[in-house]
2 protein chains.
Amino acid sequence: MSAKVHAELHESVRRSLTARDVRYTAGRRKVIDTLSEAPGPRSAAELLDETHDVPLSSLYRSLTVLDEAGILRRQHDADGLARYELAEWLTGHHHHAVCTDCGSVEDIELGESEEASLDRILAGLSRSTGWDLTGHSLEVEGVCPSCRT
Amino acid sequence: MSAKVHAELHESVRRSLTARDVRYTAGRRKVIDTLSEAPGPRSAAELLDETHDVPLSSLYRSLTVLDEAGILRRQHDADGLARYELAEWLTGHHHHAVCTDCGSVEDIELGESEEASLDRILAGLSRSTGWDLTGHSLEVEGVCPSCRT
DNA sequence: ATGAGTGCAAAGGCTTTGCATTAGG
DNA sequence: CCTAATGCAAAGCCTTTGCACTCAT
C-alpha cells in the first residue's frame, strides 16, 4: 500500500473510531499498519511479532475493539487460530486461497465479470432459500506456488 | 436421510475405516448418525448433547480420528468453535449459509448451472494466480428465515 | 488374545479479564 | 481533566493428553 493511500487509511480508521468514542492509539496504528501490509489474514501471534512492543493483552483488546468497530474482520483458520484482516470497506472486496500444504492464506480478487456471475448465483440463492443474503465469500483451496515446487 | 441410505452410509464409513485399521465402535456410529441428521455443521458441545452417553474425551478423540480418516470435515465458526460435518464424498457437494443474527449454519446446494459457472471462475483463478486449485467453498451470509420474522 | 478404544481427570494453548497505572482528546 | 487504554498477572474455555481398564476383531 502506497504512502498516500496509507495516510488515507489511517484517516478513515480514525474517523470511524472517533465516531464511536474509541481512541486511535500508537499500538492500534501499528496493528493497522501491519495488517495493511500483509498479503493475507494475520494471527495474533504473527501480529504480536510483527508489531513489536505491543503487549499481548493490549493486542487482543485492540483487535476486539477494532473488530467491533468494523475496522477489521476476524476469522478462524483450519487450526482454529483467529486471523485478522482489514475490513472490506477499507481494502476492497476480495476472496481467499488456502494452501492445503502449508496452511497459508492469500488474498485474491475476481474480475468484474466473475464477481457479476457470483452475484447472479447469490440472487438465485436468495430466492430459493428464503434467506436475506447480505454478503458472500468464496474460499478456494489448493497448493500455493511455493509449495508446488 | 432415509433408512436405506443411512445403512449405506454406515457401510461406506465402515469400509473406509477398516481400510485404515480404525474400528467402527458404537460411539462413532452415534456421531455419524447425529451428523447425518443435522441440517448443518455441529459443534462438539452439540454432539456431546445429541449423541447421549458419549464422554467428552472419547467424542473428541473420535472426531479427530474420523477427520483424519476423511470421514468428516472440521471447520471453525465465527466464534472459533470447531464444527463438524460429514465429508462431501458422503453427503454430496454443498455450501453454507451463515446467519449474521443467530450464527446458525445451514447447508445449501447450488444448481448444476450455478456450480458450472463457479467452476469456470475457478479455472480462471487457477490460471491467473499460479495456484493448483483442488476445491472451493462458497459461504454466503445473511439473515435466516427464522431470524427475519 | 491383543492392540485399539474408552473414560476419568489433569494438562495445554489461545484468548479474555481484573486491577492499578498511564496517556489520549 | 477525565475516561479510555495499557500492561502485568491470573483466570477461562475449548480441546488434547496420560493412564489404567475394556472391548472389538
Side-chain angles (χ1 to χ4, degrees), chain A residues 10-11 13-34 41-69 71-85 103 105, chain B residues 10-11 13-34 41-69 71-85 103 105:
Chain A
H10 282 305
E11 247 335 285
V13 172
R14 174 183 298 285
R15 270 196 300 275
S16 190
L17 291 180
T18 300
R20 302 178 52 126
D21 285 301
V22 173
R23 295 172 186 170
Y24 199 27
T25 60
R28 289 169 186 183
R29 259 192 306 275
K30 283 188 190 173
V31 170
I32 298 297
D33 272 333
T34 305
R42 317 306 286 153
S43 67
E46 288 166 346
L47 291 173
L48 191 62
D49 184 50
E50 294 162 4
T51 53
H52 307 300
D53 305 315
V54 175
L56 190 67
S57 65
S58 300
L59 175 63
Y60 274 110
R61 265 192 277 241
S62 290
L63 290 172
T64 301
V65 165
L66 292 171
D67 179 35
E68 287 168 351
I71 304 298
L72 49 81
R73 180 183 168 80
R74 160 200 268 140
Q75 342 165 219
H76 291 266
D77 66 16
D79 295 323
L81 208 61
R83 291 193 165 276
Y84 305 83
E85 63 183 346
V105 183
Chain B
H10 282 305
E11 248 334 286
V13 172
R14 173 183 300 284
R15 270 197 300 275
S16 190
L17 291 180
T18 300
R20 301 178 54 125
D21 284 302
V22 173
R23 295 172 186 171
Y24 199 26
T25 60
R28 288 168 187 184
R29 260 192 305 274
K30 282 187 192 175
V31 170
I32 299 298
D33 271 333
T34 305
R42 317 306 286 150
S43 68
E46 289 166 345
L47 290 173
L48 191 62
D49 183 51
E50 294 162 3
T51 52
H52 306 300
D53 306 313
V54 176
L56 190 67
S57 65
S58 300
L59 175 63
Y60 273 109
R61 265 193 276 241
S62 290
L63 290 171
T64 301
V65 166
L66 292 170
D67 180 34
E68 286 168 351
I71 304 297
L72 49 80
R73 179 183 168 79
R74 160 201 268 142
Q75 339 164 223
H76 292 266
D77 66 17
D79 295 323
L81 210 60
R83 291 192 166 275
Y84 305 84
E85 64 184 345
V105 183

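Here the structure is a predicted model, which means the values were calculated and not measured. Letters A, B, ... mirror the listed sequences (proteins, then strands); counts begin at 1. The analysis underlying the following values was restricted to heavy atoms, covering all of them including side chains, and did not include hydrogens, waters or symmetry mates.
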Taking the side chain of A/Arg28 as heavy atoms from C-beta outward, which of D/dA9, D/dT6, C/dA9 is closest to it?
-> D/dT6
Could you state the atom-to-atom distance from CG of A/Leu59 to P of D/dC8 in whole Å?
-> 13 Å
A/Glu46 CD to C/dC14 C1', straight-line distance once rounded to whole Å | 14 Å
Which of these nucleotides, D/dT17, D/dT6, D/dG7, is closest to any side-chain atom of A/Ser62?
-> D/dT6
Just how far, in rounded Å, is C1' of D/dT15 from NE2 of A/His76?
-> 14 Å
What protein N or O atoms touch nucleotides 19-22 of chain C N or O atoms at under 3.5 angstrom, if any, and at what distances?
none

Mind pulling the stems DNA chain D is in, i.e. runs of at least three Watson-Crick or G-U pairs, everything under 3.5 Å?
-> C:1-25 with D:1-25
Contacts of A/Asp67 meeting salt bridge (Lys or Arg N to Asp or Glu O under 4.0 Å) (sequence neighbours excluded), chain-then-number -> A/Arg74
Donor-acceptor list for residues 53-64 of chain B side chains, cut-off 3.5 Å, not counting sequence neighbours:
residue, atom, partner, partner atom, Å
B/Ser62, OG, B/Arg28, NE, 3.3
B/Ser62, OG, B/Ser58, O, 3.1
B/Thr64, OG1, B/Tyr60, O, 2.9

A/Ser58 side chain N/O closer than 4.0 Å to the phosphate oxygens (OP1, OP2) of D/dG7?
-> yes
Interface polar pairs with nucleotides 12-14 of chain D, N/O, under 3.5 angstrom:
none

In whole angstroms, how far is the P atom of D/dC8 from the CG atom of A/Asp53?
-> 10 Å
Sub-4.0 Å heavy-atom contacts from residues 14-26 of chain A onto DNA chain D, ordered by number | A/Val22, A/Arg23, A/Thr25
